Chemist: 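Provided herewith is a single structure, encoded as structure tokens, for subsequent inquiry.
Since the structure is predicted, the reported quantities are computational estimates derived from the model, not experimental observations. Chain letters run A, B, ... following the sequence lines, proteins first, then strands; residues in each count from 1.
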2 protein chains.
Amino acid sequence: MMDAESVHGKLKDFEDACRKANLKITHQRLEIFRELAKALDHPSAETLYMRLHKKLPTLSLDTVYRTLTTFEDFGMISRVETVKSQARFEAEMSEHHHLICSKCGKITDFEWTSFREVDLPNEIDHWGSVNKKNVIVRGICNKCSSLEQG
Amino acid sequence: MMDAESVHGKLKDFEDACRKANLKITHQRLEIFRELAKALDHPSAETLYMRLHKKLPTLSLDTVYRTLTTFEDFGMISRVETVKSQARFEAEMSEHHHLICSKCGKITDFEWTSFREVDLPNEIDHWGSVNKKNVIVRGICNKCSSLEQG
DNA sequence: CTAAATGCAAAATTTTTGCAGTCCC
DNA sequence: GGGACTGCAAAAATTTTGCATTTAG
């Protein structure tokens, strides 16, 4: 998945996406994207910045932040397991899952008891022992889509 | 789910959990927990702080942070859709899911193509339109559990 | 050439910490 | 009473912004 071939393909796609989005293909953007594409560990902005420092000593951390945000806005990369900015909490400890509206960011709980019975792929046994599995559904809530129409 | 009855039950459980964990049941802790238990919107520390301000004018934001972290450490509440502190990114845009080790925090990708065919509960139709669904599996990776043994 | 992107510095936001006083058990 | 907890203030960590300069197309 992270072999040179695949990274190369992603870079190709990346350049196409930039052209389509009218984003300039700068040295920094190319290197930031390449570094993320070959990473196995879902790095943070700061981590990417440090990894790129040898190759691009003049690169600044704020450019990494700005660039990642731009890439995310254009759907070229994803932000992982995060609701923007602040940490969010819940006291509901029974098994449940989340609906997240991509428009308004609202998180709604839902129940799906039969999901407990669904078996995960066997390969996961090689990873370790599983405690729980949760589903995150993303889409547009009715409120937001009716606002868009109206 | 968030009716007075259920909040009351959670408060009862909360007090028991505090006693079991040797945590003192302070006024602030009770109110912070109550506020979170009755919330429908997975609030942030800052949001809880603002909501509690009328009732507890002397409550400080850092107490809210400290308290939520304590509750989380003792498994009384959950942090939602978040990997601690920094935002994390990935360039893998094809459908995949995540394994997260609760010990070391490492995030590993896995494929589960047949999950696409699994139907979500029908009630979700009332929520809005779904774009994608992802699974987050939490547990302990082999590396961490062997370290624990050794 | 020109609009967009970068780097720098500084600010804003979010979270954590040290310490003195307070409160639960 | 004593250790745990809180509030305050200050610091640390993370992310964003304004502006002058540079660069891709």
Chemist: Could you give the CZ-to-C1' distance, from A:Phe74 to C:dA4, as a whole number of Å?
Modeler: 12 Å
Chemist: If I take atom CD in residue B:Glu31 and atom P in nucleotide C:dC24, what distance separates them, rounded to the nearest angstrom?
Modeler: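 Nearest whole value for this atom pair: 13 Å.
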Chemist: To the nearest angstrom, how far is A:Arg88 atom CZ from C:dT13 atom P?
Modeler: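 In whole Å, C:dT13 P lies 18 Å from A:Arg88 CZ.
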Chemist: Just jot down the side chain to side chain contact (heavy atoms under 4.5 Å, CB included) partners of B:Ser129, sequence neighbours excluded, or say none.
Modeler: A:Ile140
Chemist: Could you check how far CG of B:Leu56 sits from P of C:dC23, rounded to whole Å?
Modeler: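 Taking atom P of C:dC23 as the reference, CG of B:Leu56 is at 13 Å.
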Chemist: Please tell me if A:Tyr65 has a side-chain N or O lying less than 4.0 Å from either OP1 or OP2 of D:dT15.
Modeler: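 So the side chain of A:Tyr65 is within the cut-off, an N or O lying under 4.0 Å from OP1 or OP2 of D:dT15.
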Chemist: Using 0.5 Å steps for rounding, measure from the CZ atom of B:Arg138 to the CD1 atom of B:Ile107.
Modeler: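 Output value for this atom pair is 9.0 Å.
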Chemist: Within the 4.0 Å limit for protein heavy atoms, which parts of nucleotides 1-9 of chain D are touched? Write it as a string from 5' to 3', B for base, S for sugar-phosphate only, - for none.
Modeler: -BBSSSBBB
Chemist: Under the rule for ring pair (Phe, Tyr, Trp, His ring centres under 6.0 Å), what residues qualify as partners of B:Phe110, not counting sequence neighbours?
Modeler: B:His97
Chemist: Please identify each residue that fulfils salt bridge (charged side-chain N to carboxylate O under 4.0 Å, His left out) with B:Lys103, with sequence neighbours left out.
Modeler: B:Glu148
Chemist: Using whole Å, report how far CD1 of A:Ile25 lies from P of D:dT22.
Modeler: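 Rounding to the nearest Å, CD1 of A:Ile25 and P of D:dT22 are 23 Å apart.
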Chemist: Take the protein atom NZ of A:Lys20 and the nucleotide atom P of D:dG25, then report the distance between them rounded to whole Å.
Modeler: 16 Å
Chemist: So, using side-chain hydrogen bond (donor to acceptor under 3.5 Å, both in side chains) as the criterion, who are the partners of A:Thr113 when residues are at least two apart?
Modeler: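 side-chain hydrogen bond (donor to acceptor under 3.5 Å, both in side chains) list for A:Thr113, sorted by chain: empty.
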Chemist: List the residues meeting side chain to side chain contact (heavy atoms under 4.5 Å, CB included) with B:Ser44, not counting sequence neighbours, and say none if there are none.
Modeler: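 Side chain to side chain contact (heavy atoms under 4.5 Å, CB included) check on B:Ser44 returns A:Gln86, A:Arg88, B:Glu46, B:Thr47.
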Chemist: Write down the distance between CG (B:Asp73) and P (C:dT16), rounded to a whole number of angstrom.
Modeler: 10 Å
Chemist: Taking the nucleotide of DNA chain C with the nearest heavy atom to each, does B:Ala45 or B:Arg19 sit closer to the 5' end?
Modeler: B:Ala45
Chemist: For the pair made of CZ in A:Arg79 and C1' in D:dT16, what is the distance, rounded to whole Å?
Modeler: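 Checked: the CZ to C1' distance equals 12 Å.
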